[in-house]
Trainee: 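Structure incoming, see below.
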Protein chains: 2
Amino acid sequence: MGTTQLESVPEPKYWHLKTVLNDALDSEFEVGEILPNERDLAARFGVARATLRQALEQLELEGRLQRRRGVGTTVAPPRMGVSVGPAAHAWPGAGRDAWETAGCVEAVPAAAIAALLGTGADEAVHTIRRARVMRGQPVAAELLYVPRSSVPGLSADLTPAAHAPAVLRELHALPLEGEDRAVELGSARAEDAKQLDRLPGAPVLVVTSRYYSAGRVAAVSVATYRADTCKLTFGDAGAFEVTHHQEDRAQAS
Amino acid sequence: MGTTQLESVPEPKYWHLKTVLNDALDSEFEVGEILPNERDLAARFGVARATLRQALEQLELEGRLQRRRGVGTTVAPPRMGVSVGPAAHAWPGAGRDAWETAGCVEAVPAAAIAALLGTGADEAVHTIRRARVMRGQPVAAELLYVPRSSVPGLSADLTPAAHAPAVLRELHALPLEGEDRAVELGSARAEDAKQLDRLPGAPVLVVTSRYYSAGRVAAVSVATYRADTCKLTFGDAGAFEVTHHQEDRAQAS
DNA sequence: TAGTGGTCTAGACCACGAA
DNA sequence: TCGTGGTCTAGACCACTAG
């Protein structure tokens with residue numbers, strides 16, 4: 001036939017639904033506004049609830065929606081730009097960063113962490129758990145590993161409350177020579193999820209950083225950022241001022 | 001009662017299933033090996049196929065599995081470390097990077113891109129579509145936006161084949177003063193998905209870069225990386241040599 | 001207690017890839 | 001043609017939040 005193909009690859013329902021909802025969010029809803037519940041929405045669009053949920057899941061992954069059990073689905077604000085350095089080479093937690101220390105223990109890290117640190121397989125290191133907070137929301141859960149050899153001046157007996165601050169103080173006194181970073185997609189484990197106020201399995205951006213001093217790795221940080229609410233920024237120039245909504249429209253066009 | 005709670009928060013089946021499968025992948029399967037099909041696996045674990053798929057989806061998101069329609073589910077190799085600069089300040093595509101130009105047009109970009117570039121809302125810019133290939137696999141689809149004012153020396157009439165190389169040549173001749181970067185989670189649109197050999201909606205890491213020259217934004221790049229197969233690396237030090245499997249075990253411990 | 005999202009089931013059909 | 005993963009349905013029950 002001489003006619004053009006109408007739809008050689010028929011679009012899945014949930015994909016079309018996602019587009020429709022995305023447009024509706026731009027034109028008919030305000031940030032923070034609550035959507036109709038899933039059963040009503042599914043009925044309104046004439047699909048099964050599971051199909052609707054497939055569309056909602058994608059929109060949540062893209063940071064357009066926020067869903068909370070027992071509450072409802074709300075329109076998410078634009079993603080927060082979160083600087084993850086290297087902003088004028090600095091030790092983690094130095095400066096006026098909103099990091100909150102949640103605890104500190106000395107423990108043998110996982111094999112992969114020990115490999116990054118260059119420590120022995122059975123060597124205990126200072127392990128500091130921290131939370132990063134922006135605009136009153138937790139955005140990241142971090143585990144900071146500091147070998148004992150990096151902070152030799154540490155006094156032997158410390159109260160739990162004094163432990164983390166003392167390690168950080170010693171660490172910040174070292175000359176920082178360089179840093180390394182890697183970013184990959186992961187899913188939140190139970191402990192991190194709790195700290196991030198999300199369910200286990202929520203998508204996160206895992207940032208693994210190595211800090212160098214005296215030609216060695218002086219510390220390693222594994223920080224898991226909420227992928228739905230955060231946009232990680234790198235580099236020395238100013239933060240991107242474009243809003244998330246504009247970027248979405250850019251992608252859609 | 002004086003007994004401790006057994007499970008105040010009962011673990012979802014798919015979550016437990018994911019753990020079991022993850023361990024099995026480490027101990028009983030080789031990279032590239034094909035798993036039993038979903039119907040058999042579901043029956044073996046005594047769950048519905050949808051529940052099994054929920055576990056498989058998470059494992060695929062974490063880069064442990066690769067699923068292809070009509071073929072089957074295979075054990076994925078460790079994620080590739082992909083450098084996304086700033087590696088000795090360089091224009092995109094300079095050096096021996098495995099970028100393949102797919103096309104080039106002059107078009108008015110989306111409003112968000114125009115805002116990043118600082119161009120007028122109706123101003124056409126050179127738009128180059130490229131693919132980044134590593135180890136024979138496509139890892140990223142990129143759109144590179146170059147305003148006409150950044151490459152004033154460009155001859156007016158160019159054949160389509162000569163267009164992109166000419167723009168890149170002019171761009172690389174400029175002095176690069178700095179760069180900006182942001183990383184966020186997104187889902188692949190149809191065009192990018194095709195280029196990445198994935199289905200639309202596949203999770204991607206969107207890297208937005210601004211390149212500065214003469215105090216202005218000389219080019220903007222929006223690159224979407226396959227989130228399942230890529231680990232983005234930043235910084236000047238050598239690449240992380242830890243394998244993905246080790247990292248997974250580190251997370252799990 | 002009522003209403004929300006989260007989990008789970010047992011089916012069905014479709015699109016794709018390989019033989 | 002056959003087996004695979006991808007989509008979709010119409011239910012059900014559970015966990016959580018708020019009033």
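Just so it is clear: chains get the letters A, B, ... in the order the sequence lines come, proteins before strands, and each one is counted from 1. The model shown is predicted, which means the values in this text are computed figures rather than measured ones.
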Trainee: Within the structure provided, determine whether B:Q58 and B:R64 are in side-chain contact (heavy-atom separation under 4.5 Å).
Mentor: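 Contact flag for B:Q58/B:R64 side chains = no.
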
Trainee: Quickly work out the A:I34 CD1 to D:dT17 C1' distance and round it to whole Å.
Mentor: 11 Å

Trainee: Could you tell me which residues satisfy side chain to side chain donor-acceptor pair (under 3.5 Å) with A:Q66, sequence neighbours excluded, listed by chain and number?
Mentor: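 Side chain to side chain donor-acceptor pair (under 3.5 Å) list for A:Q66, sorted by chain: empty.
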
Trainee: Encode nucleotides 5-12 of chain C as B, S and - characters from 5' to 3', where the letter depends on protein heavy atoms closer than 4.0 Å: B to the base, S only to sugar-phosphate, - to neither.
Mentor: BBBSB--B

Trainee: With sequence neighbours excluded, tell me which residues meet side chain to side chain contact (heavy atoms under 4.5 Å, CB included) with A:V133.
Mentor: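 So A:V133 forms a side chain to side chain contact (heavy atoms under 4.5 Å, CB included) with A:E100.
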
Trainee: Return the set of residues passing side chain to side chain donor-acceptor pair (under 3.5 Å) with A:Q54 (not counting sequence neighbours), or none when no residue passes.
Mentor: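 For A:Q54 there are no side chain to side chain donor-acceptor pair (under 3.5 Å) partners, ignoring immediate neighbours.
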
Trainee: Residues two or more places apart in sequence or in another chain: which of them pass side chain to side chain donor-acceptor pair (under 3.5 Å) with A:E191?
Mentor: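 Testing A:E191 for side chain to side chain donor-acceptor pair (under 3.5 Å), a comparison that skips the adjacent residues, returns A:R129.
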
Trainee: Before accepting this row, confirm whether a basic side-chain N of the pair B:R132/B:E142 lies closer than 4.0 Å to the acidic partner's carboxylate O.
Mentor: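 The answer is no: the pair does not qualify as a salt bridge.
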
Trainee: Which helical stems does DNA chain D take part in, if a stem means at least 3 consecutive Watson-Crick or G-U pairs with both distances below 3.5 Å?
Mentor: C:1-18 with D:1-18

Trainee: Taking atom types as modelled and ignoring hydrogens, do the side chains of A:T73 and A:R67 form a donor-acceptor contact shorter than 3.5 angstrom?
Mentor: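 Per modelled atom types, A:T73 and A:R67 side chains form no pair under 3.5 Å.
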
Trainee: Checking side-chain polar atoms at under 3.5 Å, does A:K18 have a donor or acceptor matched by the opposite partner on B:S187?
Mentor: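 Their side chains do contain a donor-acceptor pair, which is all the 3.5 Å distance test asks for.
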
